[in-house]
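The next block holds one structure in the form of C-alpha coordinates; read it before the comments.
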Amino acid sequence: MRILVCKDYNEMSKKAAQMIASQLTLKPDSVLGLATGSTPIGMYKELVSMYEEGLIDFSEVKTFNLDEYFELPKSNEQSYDYFMRENLFNHINIKEENIHIPNGMTDNIEKECKNYDEAIKEAGGVDIQVLGIGHNAHIGFNEPTINFERGTHLVNLKESTIEANARFFDSIDEVPKKAITMGTGSIFKSKKIMLLASGEGKAEAIYNTVYGKVLPEVPASILQFHNDIVLILDKDSASKLDPKDYKLV
Ligand SMILES: O=P(O)(O)OC[C@H]1O[C@](O)(CO)[C@@H](O)[C@@H]1O
(Lines give C-alpha, C1' and ligand atoms only; values in the text may rest on other atoms or scores of the structure.)
Protein backbone atom coordinates (compact mmCIF):
# COMPACT_ATOMS: atom_id res chain seq x y z
CA MET A 1 0.00 0.00 0.00
CA ARG A 2 1.83 3.11 -1.27
CA ILE A 3 0.79 6.34 0.43
CA LEU A 4 1.45 9.75 -1.13
CA VAL A 5 0.62 12.84 0.88
CA CYS A 6 0.09 16.15 -0.91
CA LYS A 7 0.05 19.57 0.72
CA ASP A 8 -3.60 20.25 -0.11
CA TYR A 9 -6.71 19.18 -2.05
CA ASN A 10 -5.62 20.83 -5.30
CA GLU A 11 -2.22 19.10 -5.28
CA MET A 12 -3.96 15.80 -4.48
CA SER A 13 -6.28 16.34 -7.47
CA LYS A 14 -3.36 17.15 -9.79
CA LYS A 15 -1.41 14.07 -8.66
CA ALA A 16 -4.43 11.83 -9.19
CA ALA A 17 -5.06 13.26 -12.66
CA GLN A 18 -1.39 12.74 -13.58
CA MET A 19 -1.72 9.09 -12.55
CA ILE A 20 -4.76 8.63 -14.81
CA ALA A 21 -2.99 10.47 -17.64
CA SER A 22 0.00 8.13 -17.29
CA GLN A 23 -2.34 5.15 -17.42
CA LEU A 24 -3.92 6.43 -20.66
CA THR A 25 -0.49 7.07 -22.17
CA LEU A 26 0.60 3.51 -21.41
CA LYS A 27 -2.75 1.97 -22.41
CA PRO A 28 -4.99 4.25 -24.56
CA ASP A 29 -7.87 1.73 -24.35
CA SER A 30 -7.76 1.63 -20.55
CA VAL A 31 -10.79 0.57 -18.54
CA LEU A 32 -11.23 3.17 -15.82
CA GLY A 33 -13.25 2.54 -12.65
CA LEU A 34 -14.65 5.90 -11.56
CA ALA A 35 -15.96 7.34 -8.31
CA THR A 36 -18.36 10.14 -7.43
CA GLY A 37 -18.82 12.26 -4.33
CA SER A 38 -16.98 15.54 -3.74
CA THR A 39 -13.43 14.19 -3.47
CA PRO A 40 -12.74 13.33 -7.14
CA ILE A 41 -14.24 16.59 -8.53
CA GLY A 42 -10.82 18.31 -8.53
CA MET A 43 -9.26 15.37 -10.37
CA TYR A 44 -12.01 15.46 -13.02
CA LYS A 45 -11.41 19.20 -13.51
CA GLU A 46 -7.70 18.49 -14.06
CA LEU A 47 -8.47 15.68 -16.54
CA VAL A 48 -10.78 17.97 -18.54
CA SER A 49 -8.04 20.63 -18.66
CA MET A 50 -5.48 18.05 -19.80
CA TYR A 51 -7.91 16.86 -22.51
CA GLU A 52 -8.56 20.45 -23.66
CA GLU A 53 -4.79 20.99 -23.89
CA GLY A 54 -4.54 17.88 -26.09
CA LEU A 55 -2.48 16.01 -23.49
CA ILE A 56 -4.84 13.05 -23.14
CA ASP A 57 -7.39 11.25 -25.34
CA PHE A 58 -10.45 9.32 -24.16
CA SER A 59 -11.59 8.02 -27.58
CA GLU A 60 -10.69 4.39 -26.77
CA VAL A 61 -11.34 4.55 -23.00
CA LYS A 62 -14.11 2.55 -21.31
CA THR A 63 -15.44 3.57 -17.90
CA PHE A 64 -17.36 1.79 -15.15
CA ASN A 65 -18.73 3.78 -12.25
CA LEU A 66 -18.68 2.35 -8.74
CA ASP A 67 -22.25 3.07 -7.78
CA GLU A 68 -25.57 4.75 -8.47
CA TYR A 69 -28.53 5.59 -6.28
CA PHE A 70 -31.50 3.21 -6.59
CA GLU A 71 -34.77 4.59 -8.04
CA LEU A 72 -33.36 8.06 -8.66
CA PRO A 73 -33.91 9.04 -12.33
CA LYS A 74 -30.76 9.85 -14.37
CA SER A 75 -32.29 13.27 -15.04
CA ASN A 76 -32.10 14.10 -11.32
CA GLU A 77 -29.16 16.42 -10.76
CA GLN A 78 -28.14 14.30 -7.77
CA SER A 79 -27.89 11.06 -9.73
CA TYR A 80 -24.35 9.84 -10.26
CA ASP A 81 -25.09 9.59 -13.99
CA TYR A 82 -25.81 13.34 -14.02
CA PHE A 83 -22.76 14.02 -11.82
CA MET A 84 -20.40 12.14 -14.15
CA ARG A 85 -21.66 13.88 -17.30
CA GLU A 86 -21.46 17.29 -15.65
CA ASN A 87 -17.98 16.72 -14.19
CA LEU A 88 -16.33 14.68 -16.92
CA PHE A 89 -18.15 12.91 -19.77
CA ASN A 90 -19.72 16.01 -21.37
CA HIS A 91 -16.28 17.63 -21.64
CA ILE A 92 -14.12 14.87 -23.15
CA ASN A 93 -14.16 12.66 -26.27
CA ILE A 94 -15.36 9.45 -24.62
CA LYS A 95 -17.80 7.35 -26.66
CA GLU A 96 -21.30 7.00 -25.17
CA GLU A 97 -21.23 3.22 -25.65
CA ASN A 98 -18.07 3.07 -23.52
CA ILE A 99 -19.70 4.69 -20.48
CA HIS A 100 -21.12 2.25 -17.91
CA ILE A 101 -23.03 3.31 -14.79
CA PRO A 102 -25.27 0.93 -12.82
CA ASN A 103 -28.90 1.46 -13.86
CA GLY A 104 -30.59 2.59 -10.67
CA MET A 105 -33.99 2.51 -12.40
CA THR A 106 -33.82 -1.18 -13.29
CA ASP A 107 -36.87 -3.37 -12.64
CA ASN A 108 -34.62 -6.43 -12.41
CA ILE A 109 -31.90 -5.76 -9.84
CA GLU A 110 -30.37 -9.23 -9.94
CA LYS A 111 -30.04 -9.12 -13.75
CA GLU A 112 -28.64 -5.58 -13.71
CA CYS A 113 -25.99 -6.48 -11.12
CA LYS A 114 -25.00 -9.68 -12.93
CA ASN A 115 -24.81 -7.91 -16.30
CA TYR A 116 -22.70 -5.14 -14.79
CA ASP A 117 -20.06 -7.52 -13.48
CA GLU A 118 -20.12 -9.43 -16.78
CA ALA A 119 -19.62 -6.21 -18.76
CA ILE A 120 -16.55 -5.40 -16.63
CA LYS A 121 -15.19 -8.89 -17.29
CA GLU A 122 -15.88 -8.62 -21.04
CA ALA A 123 -14.00 -5.31 -21.09
CA GLY A 124 -10.96 -7.12 -19.68
CA GLY A 125 -11.40 -5.92 -16.10
CA VAL A 126 -10.74 -2.50 -14.61
CA ASP A 127 -7.19 -1.25 -15.19
CA ILE A 128 -7.31 1.44 -12.52
CA GLN A 129 -10.10 1.94 -10.01
CA VAL A 130 -10.51 5.41 -8.54
CA LEU A 131 -11.97 5.31 -5.03
CA GLY A 132 -13.10 7.88 -2.53
CA ILE A 133 -13.80 6.80 1.04
CA GLY A 134 -16.69 7.49 3.37
CA HIS A 135 -16.32 8.74 6.94
CA ASN A 136 -17.14 5.18 8.02
CA ALA A 137 -14.53 3.81 5.55
CA HIS A 138 -17.15 2.74 2.99
CA ILE A 139 -15.88 2.35 -0.58
CA GLY A 140 -18.42 2.87 -3.31
CA PHE A 141 -21.56 2.21 -1.32
CA ASN A 142 -20.12 -0.79 0.48
CA GLU A 143 -21.16 0.11 3.99
CA PRO A 144 -19.81 -1.39 7.22
CA THR A 145 -21.44 -4.80 7.36
CA ILE A 146 -20.95 -8.41 8.42
CA ASN A 147 -19.43 -9.72 5.19
CA PHE A 148 -17.49 -8.49 2.18
CA GLU A 149 -19.84 -8.55 -0.83
CA ARG A 150 -18.35 -10.20 -3.88
CA GLY A 151 -20.19 -8.66 -6.79
CA THR A 152 -22.31 -5.69 -7.75
CA HIS A 153 -25.39 -5.59 -5.51
CA LEU A 154 -28.19 -3.52 -4.03
CA VAL A 155 -27.35 -2.00 -0.65
CA ASN A 156 -29.29 -0.23 2.09
CA LEU A 157 -27.50 3.00 2.91
CA LYS A 158 -26.46 3.63 6.50
CA GLU A 159 -28.00 6.62 8.28
CA SER A 160 -24.52 8.21 8.51
CA THR A 161 -24.11 7.97 4.73
CA ILE A 162 -27.56 9.37 4.07
CA GLU A 163 -26.75 12.25 6.43
CA ALA A 164 -23.33 12.80 4.75
CA ASN A 165 -24.92 12.89 1.29
CA ALA A 166 -27.92 15.00 2.35
CA ARG A 167 -25.73 18.06 1.67
CA PHE A 168 -26.38 17.52 -2.04
CA PHE A 169 -30.19 17.37 -1.66
CA ASP A 170 -32.84 19.92 -0.63
CA SER A 171 -33.76 17.76 2.35
CA ILE A 172 -32.56 14.53 3.93
CA ASP A 173 -35.92 12.95 3.04
CA GLU A 174 -34.99 13.24 -0.63
CA VAL A 175 -31.80 11.17 -0.22
CA PRO A 176 -32.34 7.67 -1.64
CA LYS A 177 -32.15 4.94 0.96
CA LYS A 178 -30.72 2.31 -1.40
CA ALA A 179 -28.03 2.14 -4.06
CA ILE A 180 -26.48 -0.29 -6.52
CA THR A 181 -22.77 -0.62 -5.90
CA MET A 182 -19.84 -2.66 -7.12
CA GLY A 183 -18.95 -5.04 -4.31
CA THR A 184 -15.61 -5.09 -2.51
CA GLY A 185 -14.91 -8.23 -4.51
CA SER A 186 -15.54 -6.42 -7.81
CA ILE A 187 -13.38 -3.50 -6.65
CA PHE A 188 -10.62 -5.81 -5.46
CA LYS A 189 -10.29 -7.39 -8.94
CA SER A 190 -9.11 -4.07 -10.37
CA LYS A 191 -5.52 -4.30 -11.58
CA LYS A 192 -4.64 -1.02 -9.83
CA ILE A 193 -6.48 1.01 -7.22
CA MET A 194 -6.07 4.72 -6.49
CA LEU A 195 -7.87 5.90 -3.35
CA LEU A 196 -8.31 9.64 -2.80
CA ALA A 197 -9.11 11.33 0.49
CA SER A 198 -9.13 14.91 1.66
CA GLY A 199 -9.91 16.64 4.93
CA GLU A 200 -9.62 15.91 8.66
CA GLY A 201 -13.02 14.21 8.52
CA LYS A 202 -11.46 11.26 6.66
CA ALA A 203 -8.38 10.91 8.94
CA GLU A 204 -9.99 8.24 11.14
CA ALA A 205 -11.23 6.23 8.14
CA ILE A 206 -7.76 6.42 6.56
CA TYR A 207 -6.08 5.37 9.82
CA ASN A 208 -8.40 2.34 10.09
CA THR A 209 -7.91 1.51 6.42
CA VAL A 210 -4.11 1.50 6.71
CA TYR A 211 -3.56 0.08 10.22
CA GLY A 212 -6.87 -1.51 11.24
CA LYS A 213 -7.84 -5.16 11.27
CA VAL A 214 -9.23 -6.34 7.92
CA LEU A 215 -12.91 -6.44 8.80
CA PRO A 216 -16.13 -5.93 6.81
CA GLU A 217 -17.08 -3.40 9.48
CA VAL A 218 -14.25 -1.28 7.95
CA PRO A 219 -14.89 -1.94 4.25
CA ALA A 220 -11.75 -0.16 2.95
CA SER A 221 -9.53 -2.30 5.22
CA ILE A 222 -9.67 -5.11 2.62
CA LEU A 223 -7.48 -2.88 0.45
CA GLN A 224 -4.49 -3.79 2.66
CA PHE A 225 -4.42 -7.08 0.72
CA HIS A 226 -4.37 -5.50 -2.75
CA ASN A 227 -0.99 -5.77 -4.49
CA ASP A 228 -1.09 -2.52 -6.45
CA ILE A 229 -2.81 0.27 -4.54
CA VAL A 230 -1.85 3.86 -3.94
CA LEU A 231 -3.50 6.25 -1.52
CA ILE A 232 -3.28 9.89 -2.58
CA LEU A 233 -4.12 12.03 0.42
CA ASP A 234 -3.89 15.59 1.56
CA LYS A 235 -2.16 16.40 4.86
CA ASP A 236 -5.42 16.63 6.81
CA SER A 237 -6.71 13.20 5.82
CA ALA A 238 -3.22 11.75 6.49
CA SER A 239 -2.94 13.43 9.91
CA LYS A 240 -3.29 10.19 11.91
CA LEU A 241 -0.70 8.25 9.90
CA ASP A 242 2.90 7.67 10.94
CA PRO A 243 5.13 9.82 8.67
CA LYS A 244 7.41 6.82 8.14
CA ASP A 245 4.54 5.15 6.29
CA TYR A 246 4.05 7.77 3.59
CA LYS A 247 5.91 9.94 1.10
CA LEU A 248 5.36 13.69 0.96
CA VAL A 249 4.94 14.77 -2.70
O1 LIG B 1 -15.89 12.21 -1.55
P2 LIG B 1 -17.06 12.29 -0.58
O3 LIG B 1 -18.12 13.25 -1.03
O4 LIG B 1 -16.60 12.50 0.84
O5 LIG B 1 -17.77 10.83 -0.64
C6 LIG B 1 -17.06 9.68 -0.17
C7 LIG B 1 -17.71 8.45 -0.70
O8 LIG B 1 -19.12 8.45 -0.41
C9 LIG B 1 -19.84 8.14 -1.62
O10 LIG B 1 -20.25 9.34 -2.20
C11 LIG B 1 -21.01 7.25 -1.30
O12 LIG B 1 -21.71 7.83 -0.26
C13 LIG B 1 -18.85 7.44 -2.49
O14 LIG B 1 -19.26 7.41 -3.84
C15 LIG B 1 -17.64 8.29 -2.23
O16 LIG B 1 -16.45 7.65 -2.64
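All ligand and atom numbering here is 1-based and tracks the order in the structure.
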Subject >> Nearest-neighbour protein heavy atom for atom 8 (O) of ligand 1, which is reported as residue plus atom name and distance >> reply: H138 NE2, 2.9 Å

Subject >> F141 neighbourhood, listing ligand 1 atoms whose heavy-atom distance to it stays under 4.0 Å >> reply: 11 (C), 12 (O)

Original post:
Can you tell me the protein heavy atom closest to atom 6 (C) of ligand 1 and the distance?
Top reply: I133 O, 3.3 Å

Original post:
Starting from atom 10 (O) of ligand 1, which protein heavy atom do you reach first, and at what distance in Å?
Top reply: Y80 OH, 3.3 Å

Subject >> For atom 5 (O) of ligand 1, closest protein heavy-atom neighbour >> reply: G37 CA, 4.1 Å

**OP:** Return yes when R167 approaches ligand 1 closer than 4.0 angstrom through a heavy atom, no otherwise.
**Re:** yes

**OP:** Take every heavy atom of L66, measure it against each atom of ligand 1, and state whether any distance is under 4.0 Å.
**Re:** no

Original post:
Centroid-to-centroid, H226 to F188, below 6.0 Å?
Top reply: yes

**OP:** For ligand 1, indicate whether the residue K202 contacts it via side chain, backbone, both or neither (heavy-atom separation under 4.0 Å).
**Re:** side chain

Original post:
If you look at every heavy atom in L157 and A179, which pair is closest and at what distance?
Top reply: CD2-CB, 4.0 Å

**OP:** May I have all residue pairs that pass salt bridge (charged side-chain N to carboxylate O under 4.0 Å, His left out) and include part of residues 24-45, sequence neighbours excluded?
**Re:** K27-D29, K27-D127

Subject >> Linked, directly or transitively: V61 and I101 (ILVMFWY side chains, under 4.5 Å) >> reply: yes

**OP:** Among all protein heavy atoms, pick the one closest to atom 14 (O) of ligand 1 and tell me residue, atom and distance.
**Re:** D67 OD2, 3.2 Å

Subject >> S38-ligand 1 polar pair, N/O distance under 3.5 Å >> reply: yes

Show me the donor-acceptor pairs, under 3.5 Å and distance only, between side chains in residues 196-204 and residues at least two apart or in other chains.
unit_1: S198; atom_1: OG; unit_2: D234; atom_2: OD2; d: 2.7
unit_1: E200; atom_1: OE1; unit_2: S239; atom_2: OG; d: 3.3
unit_1: E200; atom_1: OE2; unit_2: S239; atom_2: OG; d: 2.8
unit_1: K202; atom_1: NZ; unit_2: I133; atom_2: O; d: 2.9

Original post:
Under 4.0 Å from any heavy atom of T39, which atoms of ligand 1 are there?
Top reply: 1 (O), 2 (P), 4 (O)

Original post:
Who's the nearest protein heavy-atom neighbour of atom 16 (O) of ligand 1, and how far?
Top reply: G132 CA, 3.4 Å

Original post:
Salt-bridged, R85 to E96, with N to O below 4.0 Å?
Top reply: yes

Original post:
Which heavy atom of the protein is the closest neighbour of atom 15 (C) of ligand 1, given with residue, atom name and distance?
Top reply: T36 O, 3.8 Å

**OP:** Answer yes when E118 and K114 have at least one side-chain N-carboxylate O distance shorter than 4.0 Å, and no when they do not.
**Re:** yes

Subject >> Options G140, S198, S237, ranked by nearest heavy atom to atom 13 (C) of ligand 1, top entry >> reply: G140

